[in-house]
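Report on one structure; see the data block that follows.
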Amino acid sequence: MKKSIVAFAVAALTVGSALAQTNDTIAKVKASGTITMGVRDSSGALSYTLGDGKYVGYHVELCQRIIDNLEKQIGKKLAVKYQSVTSQNRIPLVQNGTVDIECGSTTNNLARQKDVAFAVTTFIEEVRMAVKANSGITSIAQLNGKNVATTTGTTSVQTLRKNERARGIDFKEVFGKDHADSFLLLESGRADAFVMDGSILAGLIANSKNPADYKIVGEVLSVEPIAIMMRKDDPAFKKLADDTLIGLMKSGEIAKIYDKWFMQPIPPKGARIGLPPSENLKAAWANPNDKPMEAYNAR
């Protein structure tokens, strides 16, 4: 009986130690020599795939800067593993230790802050809608009786439903498994509008077969802080990430990185998103913070 109790105690300590290390990202990656970056296949210029397991974008590059500083701190080179995530699975994969740092297009809000942590805001999104240029749709009021595409696991259509201008408007949601799939619903005529972050819409349009066939229209539905995501209750790793990003903001380097991905031609087609930084984003760079979406929309 004593042996069983001892064995159980040892097993419990082992599991507890493993869980503790999962929540201590710096110790975890130092021990394994590998860090896993959560990336998106089609999140506009923030994070997207070039194929063959290659991922690039504004947030991917910012995460690489964080990893560079992490390597300096632990004194060793890390192997970077890319894990494609979706809007549905990104939070669980961060929580369970599969992904160490998520570098996609995640909105920082109060509900998510209960489950994960966010670095200081590095992008400010304005949610709008993309439509076909010849659709005649220019406002939310014209969505009555229409099919509206949304990506499973995102906040955009919830935001639309809560918007005062959407009261009394009856539209049907159609779901894409990722942003590219949602855009395909619009492209194929199965959806009349695609409601999403403006930067993602701009990126998808820029890389479509005929960019002139689409336009971004309508009222701004919400202002959303987008941030790099990591595990909750891991202050050392959050501090390293925040210090890295704040350093880029203070030096002005982050504006150059932004310009590279949003104002210049980007791979693979040399498309140009053409989305200058908003006044809200410039304010976030000038005064770094990790405030949730609710702080931006409580005006």
Side-chain angles (χ1 to χ4, degrees), residues 40-48 57-60 62 87 103-109 121-133 135 137-143 148-151 153-163 165-166 173 176 178-187 191-208 211-228 254-255 257-266 271-285 292-293 296-297 299:
R40 299 298 294 268
D41 287 345
S42 57
S43 280
L46 291 170
S47 179
Y48 65 99
Y58 172 68
H59 267 168
V60 175
L62 292 182
S87 299
C103 315
S105 53
T106 304
T107 299
N108 174 0
N109 63 28
T121 298
T122 40
F123 189 75
I124 301 285
E125 193 57 88
E126 294 181 344
V127 175
R128 297 182 70 194
M129 60 181 172
V131 298
K132 287 192 173 175
S135 69
I137 297 172
T138 59
S139 71
I140 296 168
Q142 292 167 285
L143 294 180
V148 177
T150 183
T151 303
T154 63
T155 58
S156 298
V157 169
Q158 295 170 29
T159 300
L160 172 59
R161 288 205 182 279
K162 290 175 186 174
N163 193 282
R165 296 183 190 93
E173 287 177 60
D178 56 28
H179 300 318
D181 194 39
S182 296
F183 189 77
L184 183 61
L185 292 172
L186 175 65
E187 195 173 35
D192 301 290
F194 174 22
V195 176
M196 186 45 59
D197 302 348
S199 69
I200 292 173
L201 296 177
L204 290 164
I205 290 170
N207 284 290
S208 67
D213 289 350
Y214 308 93
K215 59 183 179 179
I216 296 171
V217 300
E219 305 86 343
V220 173
L221 296 173
S222 75
V223 177
E224 302 191 6
I226 309 295
I228 290 163
I254 200 164
I257 297 170
Y258 182 96
D259 185 81
K260 171 184 171 182
W261 291 104
F262 287 96
M263 301 304 293
Q264 306 303 321
I266 58 174
R272 182 176 168 274
I273 306 299
L275 191 71
S278 66
E279 292 307 311
N280 276 317
L281 180 54
K282 289 176 185 175
W285 289 345
M293 179 179 82
Y296 285 80
N297 292 290
R299 299 169 186 173

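Since the model is a prediction, treat every value here as computed from it, not as a measurement.
Separating the CG atom in L221 from the CD atom in E126 is a distance of 10.5 Å, to the nearest 0.5 Å. Within the model, atoms CD of E224 and OG1 of T159 stand 5.0 Å from one another, a figure rounded to the nearest 0.5 Å. Atoms CG and CD1, from L62 and I228 in turn, are 5.0 Å apart once rounded to the nearest 0.5 Å.
Looking at heavy atoms from C-beta onward, V217 lies in side-chain contact with M129 at the 4.5 angstrom threshold. Contact of the I124 side chain with the I226 side chain is not registered, since no non-hydrogen atoms from C-beta on lie closer than 4.5 Å. Between V195 and V127, some side-chain heavy-atom pair lies under the 4.5 Å cut-off. You'll find the side chain of L204 stays beyond 4.5 Å of the side chain of M196, heavy atoms only. Using a 4.5 Å heavy-atom cutoff, the side chains of L160 and L143 are in contact. No side-chain heavy atom of Y48 sits less than 4.5 Å from a side-chain heavy atom of N207. At a threshold of 4.5 Å between non-hydrogen side-chain atoms, the residues L201 and F194 count as touching.
Side-chain atoms of R272 come within 3.5 Å of backbone atoms of M263 as a donor-acceptor pair (strictly under, hydrogens ignored). Using modelled atom types, one side-chain atom of Y58 and one backbone atom of T122 make a donor-acceptor pair closer than 3.5 Å. Looking only at distances, no side-chain donor or acceptor of S87 sits under 3.5 Å from a matching main-chain atom of T154. Under a 3.5 Å cut-off, the side chain of E187 and the backbone N or O of F183 do not form any donor-acceptor pair. A donor-acceptor pair is defined here as one N or O able to donate and one able to accept, closer than 3.5 Å; no such pair exists between the side chain of H179 and the backbone of S43.
Under 3.5 Å, the side chains of T151 and S182 contain a donor-acceptor pair of N or O atoms.
Residues A271 and A206 share a closest heavy-atom pair of CB-O, 3.6 Å. Smallest separation of non-hydrogen atoms from L185 and A149: CD1-CB, 4.1 Å. Contact detail for A202 and I216: the closest heavy-atom pair is N-CD1, 3.8 Å.
Checked options S199, S222, S105, S156; the residue passing with E125 is S199 (criterion: side-chain hydrogen bond (donor to acceptor under 3.5 Å, both in side chains)).
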Under the criterion ring-ring contact (aromatic ring centres under 6.0 Å, His included), I'd like the reasoning laid out for F262 against F123: C-alpha separation, chi angles, the key distance, then a yes or no. CA-CA 11 Å; F262 287 96; F123 189 75; 5.3 Å; yes
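K162 is linked by a side-chain contact (heavy atoms from CB on, under 4.5 Å) to nothing, counting only residues two or more places apart in sequence or in another chain.
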